[in-house]
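Written below as structure tokens is the structure these notes are about.
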Number of protein chains: 2
Amino acid sequence: MAARLDEMDRKILAALQEDASLSLDEIARRVSSSKTPVWNRIRRMKESGVILRTTALLDAEALGLEACFFVLVRTSEHDAGWQGKFLQVLQSRPEVLEAHRLAGDIDYILKVRVKNARAYDTFYQALISEVRIYNVTALLSMEEIKSTTILPLGLAVD
Amino acid sequence: MAARLDEMDRKILAALQEDASLSLDEIARRVSSSKTPVWNRIRRMKESGVILRTTALLDAEALGLEACFFVLVRTSEHDAGWQGKFLQVLQSRPEVLEAHRLAGDIDYILKVRVKNARAYDTFYQALISEVRIYNVTALLSMEEIKSTTILPLGLAVD
DNA sequence: GCTGAAATGTAGCGACC
DNA sequence: GGTCGCTACATTTCAGC
């Protein structure tokens, strides 16, 4: 699964994580190479799925999405049908930004971005009406003290 | 704080969240406008901080970062000095992708991306040696069932 | 605020080493 | 694997509406 990347690939990825709008010439300059090799490496990494997509990151507060909750979910049902339904509900709800299935006594964690606490309650009511859940704990974020999509490439070396 | 955005601004943001490499012409076509107004709106939204930056999203698994933990932190110390030191440690550690200060009996939640469980333990040992922590619970992700940076603009409407 | 167009920059690809 | 250069397209600016 893990792609074979050399030092130059990692430098290119680091640059693109920082600013995906950099020109090929500028990236080439930073990694001490030239346009064509950089272009070929980027194309290869897109094709192999290392680079998923390029996106604009927005300020949630500026958009009026001022509440962020981490939701700890316990369920008593673990069959495939329930899981499929749960997954479908999560996918269909744009306020669910992340969902992970966990090891241990908590089954799932969700990250949910909404306008305010009232909007979270609306989401919560919809969730528990659509799928059977044993126990839910919501953790309300007071302050996002760090938030990055930049993966630590330096720690990924084999 | 919340910026005033009209329907066209939101459509432009939706397009850029989906694919920040779209050309102005293509975005203009999608929002039924033309190049210059779209360009002016994007510039304005960058300047006002609604658009933070554009980035390449990478596949953590493909990079060999195969373990993801959510870390629930309780502390007994709540003075400014401790908080500053804790913040500084989080900022300096690239494996910490997110950190939130919470309401309730859990004080902080962290999202940590590392190569494997062993690498998490190294991080954990470093963390508790650098800053005094009362209680830590690590939730290990078995499966990322949803992950998006796309904010729900439709839910942000006033 | 929009349109259309000019000028400058960049991406994408081919020929070649 | 790399350099160089060409062409088509994109960005950015600006005059006129």
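Quick note: numbers below take in every heavy atom, side chains included, and nothing from hydrogens, waters or symmetry partners. Residue numbers start from 1 in every chain, and the chains themselves are labelled A, B, ... in the order their sequence lines are given, proteins ahead of strands.
Take B:Arg93 and apply the side chain to side chain donor-acceptor pair (under 3.5 Å) test, not counting sequence neighbours, and it matches B:Glu95. Looking at residues two or more places apart in sequence or on another chain, you find no side chain to side chain donor-acceptor pair (under 3.5 Å) involving B:Thr55.
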Pairs under 3.5 angstrom only: tabulate donor-acceptor contacts from the side chains of residues 11-21 of chain A to other protein residues two or more places apart or in another chain.
{"residue": "A:Gln17", "atom": "OE1", "partner": "A:Leu151", "partner atom": "N", "Å": "2.8"}
{"residue": "A:Gln17", "atom": "NE2", "partner": "A:Leu151", "partner atom": "O", "Å": "3.2"}
{"residue": "A:Asp19", "atom": "OD1", "partner": "A:Ser21", "partner atom": "N", "Å": "2.9"}
{"residue": "A:Asp19", "atom": "OD1", "partner": "A:Ser21", "partner atom": "OG", "Å": "2.7"}

Result block: side-chain N/O donor-acceptor pairs under 3.5 angstrom for residues 76-88 of chain A, not counting sequence neighbours:
{"residue": "A:Glu77", "atom": "OE2", "partner": "A:Arg132", "partner atom": "NE", "Å": "3.0"}
{"residue": "A:His78", "atom": "NE2", "partner": "A:Asp107", "partner atom": "OD1", "Å": "3.4"}
{"residue": "A:Asp79", "atom": "OD2", "partner": "A:Gly81", "partner atom": "N", "Å": "3.4"}
{"residue": "A:Asp79", "atom": "OD2", "partner": "A:Trp82", "partner atom": "N", "Å": "3.3"}
{"residue": "A:Trp82", "atom": "NE1", "partner": "A:Arg132", "partner atom": "O", "Å": "2.8"}

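Close approach of DNA chain C to chain A, defined as any atom under 4.0 Å from a non-hydrogen atom of the protein, starts and stops at C:dT10 to C:dG14.
Within residues 28-43 of chain B, the residues approached by DNA chain C to less than 4.0 Å at the level of any non-hydrogen atom are B:Ser34, B:Thr36, B:Pro37, in residue-number order.
Closest approach of A:Leu22 and A:Arg30 over heavy atoms only: CD2-NH2, 3.6 Å. Of all heavy-atom pairs spanning B:Val112 and B:Tyr120, the tightest one is CG1-CD1, 4.4 Å.
The pair B:Arg4-B:Asp9 does not count as a salt bridge, with every side-chain nitrogen at least 4.0 angstrom from each carboxylate oxygen. A salt bridge links A:Lys111 with B:Glu98; the closest basic N to acidic carboxylate O contact falls under 4.0 Å.
Rounding to whole angstrom units, CD1 of residue B:Ile27 and P of D:dC9 are separated by 18 Å. Rounded to an integer number of Å, the gap from CG of A:Asp25 to P of D:dT11 is 16 Å.
Within 4.0 Å (heavy atoms only), B:Leu24 reaches at least one base atom of the nucleic acid.
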